[in-house]
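This report refers to the structure that appears directly beneath it.
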Amino acid sequence: MTVAGSDSGGGAGIQADLRTFALTGVHGCVAVTAVTVQNSLGVTGFAEIAPEVVAAQISAVTSDIGVEAVKTGMLASAAIIEAIDDAFAAAGIGRAGIPLVVDPVAASMHGDALLVESALEALAGRMFPRATLVTPNLDEVRLLTGIDVVDAATQERAARALHRLGPACVLVKGGHLRGHQHSPDLLFDGTDFRRYDAVRVDTPHDHGAGDTLAAATTAALAHGRSVPEAVGFAKEWVTRSLTAAYPLGAGHGPVSPLWRLSAPEDR
Ligand SMILES: Nc1ncnc2c1ncn2[C@@H]1O[C@H](COP(=O)(O)OP(=O)(O)OP(=O)(O)O)[C@@H](O)[C@H]1O
Ligand SMILES: Cc1ncc(COP(=O)(O)O)c(N)n1
């Protein structure tokens, strides 16, 4: 299940999650948190869904269909986060229960806000202690910890600081590390570090990369893989999806998990 916002451009948010879920062999259920007005150039606005409607979507799915793993993306406001936290508690989602991947989405790749500023505390205070894994990018790391990640040492320091906020595991994504030929992500479980590296794909079309990574991780957890295995699977998945990204509109096109259709024998 994905709990996230809708992207009218179809590149990120629930649209990206559902594409990856389908192609990794899991059925995707959805709780929509917000409807964004968005294209390849940016986000010009969004309407929040009423918190009780967000919570009701989660209850409707968990009380009938059931979930094997859950991912959160754009959560928009503190009131929505609080309603989701209560719905997750009632359904046994998070930490020792059903695996929960929290992608702490704060802004789009263009810098447009997807979370009202006052909601950052609710995101860290309510979602992080519940999370099996949190997957911040470097801007979100800076917002949450004040740490500027510029190399492996600061990436480790940031992972430790984020782990203190309560999640079981932290993945500090290195996709925004400038001037690097590689895209190193760092996983920390409170004891051990594990690095996931990939050669940087030279493309401006990287819209939805973070969602795709978190959705592939969630799908692998739903299939019963461990967190380190699920992240390894997702890292390869997102790298291939970046290679298959295509131009759309005048700005940043979407990453595409559709490579999977022409390479089914690879998995
Ligand atoms: N050009 C690239 N080549 C290879 N991997 C990349 C590239 N850009 C991002 N990644 C990888 O994609 C995943 C998403 O990382 P990123 O840091 O871009 O997250 P994000 O900002 O949440 O994503 P986005 O804003 O693009 O949706 C990570 O595994 C990262 O290492
Ligand atoms: C609904 C929604 N969710 C998430 C993102 C982040 O994706 P990106 O960082 O690629 O803009 C987005 N733009 N829109």
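Being a predicted model, the structure only gives us computed values, none of them experimental. Index from 1, following the sequence. Just so you know, ligand 1 is whichever comes first in the structure, and atom 1 is the first atom listed for that ligand.
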Can you list the atoms of ligand 1 that are under 4.0 Å from a heavy atom of G208?
27 (O)
Compute the shortest N/O to N/O distance between S183 and ligand 1 and return yes if it is under 3.5 Å, no if not.
yes
contact_flag A12 ligand 1 heavy-atom lt 4.0 Å
no
Near G5 (heavy-atom distance under 4.0 Å), the atoms of ligand 2 are 1 (C)
Using a 4.0 Å cutoff against the non-hydrogen atoms of L213, which atoms of ligand 1 qualify?
29 (O)
Does this structure show an ion pair linking D139 with K173, if we count only N-O contacts that are shorter than 4.0 Å?
no
Where ligand 1 meets N137 - atom numbers and elements under 4.0 angstrom, heavy-atom basis
17 (O), 19 (O), 20 (P), 21 (O), 22 (O)
Indicate the ring-plane relationship of F188 and F193, choosing parallel, tilted or perpendicular according to the 30° and 60° boundaries.
parallel
Nitrogen or oxygen of G175 less than 3.5 angstrom from that of ligand 1
yes
For the CG atom of L186 and the OG1 atom of T154, what is their distance to the nearest 0.5 Å?
10.0 Å
Where ligand 1 meets D206 - atom numbers and elements under 4.0 angstrom, heavy-atom basis:
26 (O)
Would you compute the distance between atom OG of S40 and atom CG of D7 and round it to the nearest 0.5 angstrom?
10.0 Å
Would G174 count as being in polar contact with ligand 1, using the rule that some N or O on each side must be under 3.5 angstrom apart?
no
For atom 27 (O) of ligand 1, what is the nearest protein heavy atom, given as residue, atom name and distance?
G210 N, 2.9 Å
For ligand 1, which part of K235 has a heavy atom less than 4.0 Å away: the side chain, the backbone, both, or neither?
side chain
Whether the side chain of Q155 engages the backbone of P184 through a donor-acceptor N/O pair (distance < 3.5 Å, no angle test) should be reported.
yes
For ligand 2, which is the ligand I care about here, please tell me if D7 has any N or O atom under 3.5 Å from one of the ligand's N or O atoms.
no
Among all the protein's non-hydrogen atoms, which is closest to atom 4 (C) of ligand 2, and how far away is it?
D211 OD2, 3.6 Å
Check: A209 N/O within less than 3.5 Å of ligand 1 N/O
yes
Within the structure, is a non-hydrogen atom of G210 found at a distance of less than 4.0 Å from ligand 2?
no
Assess whether a salt bridge exists between D211 and K71, defined as any Lys/Arg side-chain N lying under 4.0 Å from an Asp/Glu carboxylate O.
yes
Proximity to ligand 1 by part of D185, non-hydrogen separation under 4.0 Å
side chain
Any idea which protein heavy atom is nearest atom 1 (N) of ligand 1, and the distance to it?
V201 O, 2.9 Å
Keeping T33 on the side-chain end and M74 on the backbone end, is there a donor-acceptor pair under 3.5 Å?
yes
In this structure, atom 11 (O) of ligand 2 is nearest to the protein heavy atom M109 N, 3.0 Å
Report the residue from V3, T2, I93 that forms a side-chain contact (heavy atoms from CB on, under 4.5 Å) with T72.
V3
Protein residue, atom and distance nearest to atom 25 (O) of ligand 1, heavy-atom basis
M109 CB, 4.1 Å
Indicate yes or no: does an N/O atom of L114 lie under 3.5 Å from an N/O atom of ligand 2?
no
Test item, S6 contacting ligand 2 (heavy atom, 4.0 angstrom)
yes
In terms of atom number and element, which parts of ligand 1 are under 4.0 angstrom from non-hydrogen atoms of L242?
2 (C), 3 (N), 4 (C), 5 (N), 6 (C), 7 (C), 10 (N)
Any nitrogen or oxygen of H207 lying under 3.5 Å from a nitrogen or oxygen in ligand 2? Just yes or no.
yes
Hey, does K173 come in under 3.5 Å of ligand 1, counting only N/O atoms on both sides?
yes
Ligand-residue contact atoms, ligand 2 with S108, heavy atoms, under 4.0 Å
9 (O), 11 (O), 13 (N)
May I ask you to check whether over 12 heavy atoms, not counting those of D148, lie within 6.0 Å of atom CG?
yes
What about G208: any of its N or O atoms under 3.5 Å from an N or O on ligand 2?
yes
Specify the protein heavy atom at minimum distance from atom 14 (N) of ligand 2: its residue, its atom name, and the distance to 0.1 Å.
Q38 NE2, 3.2 Å
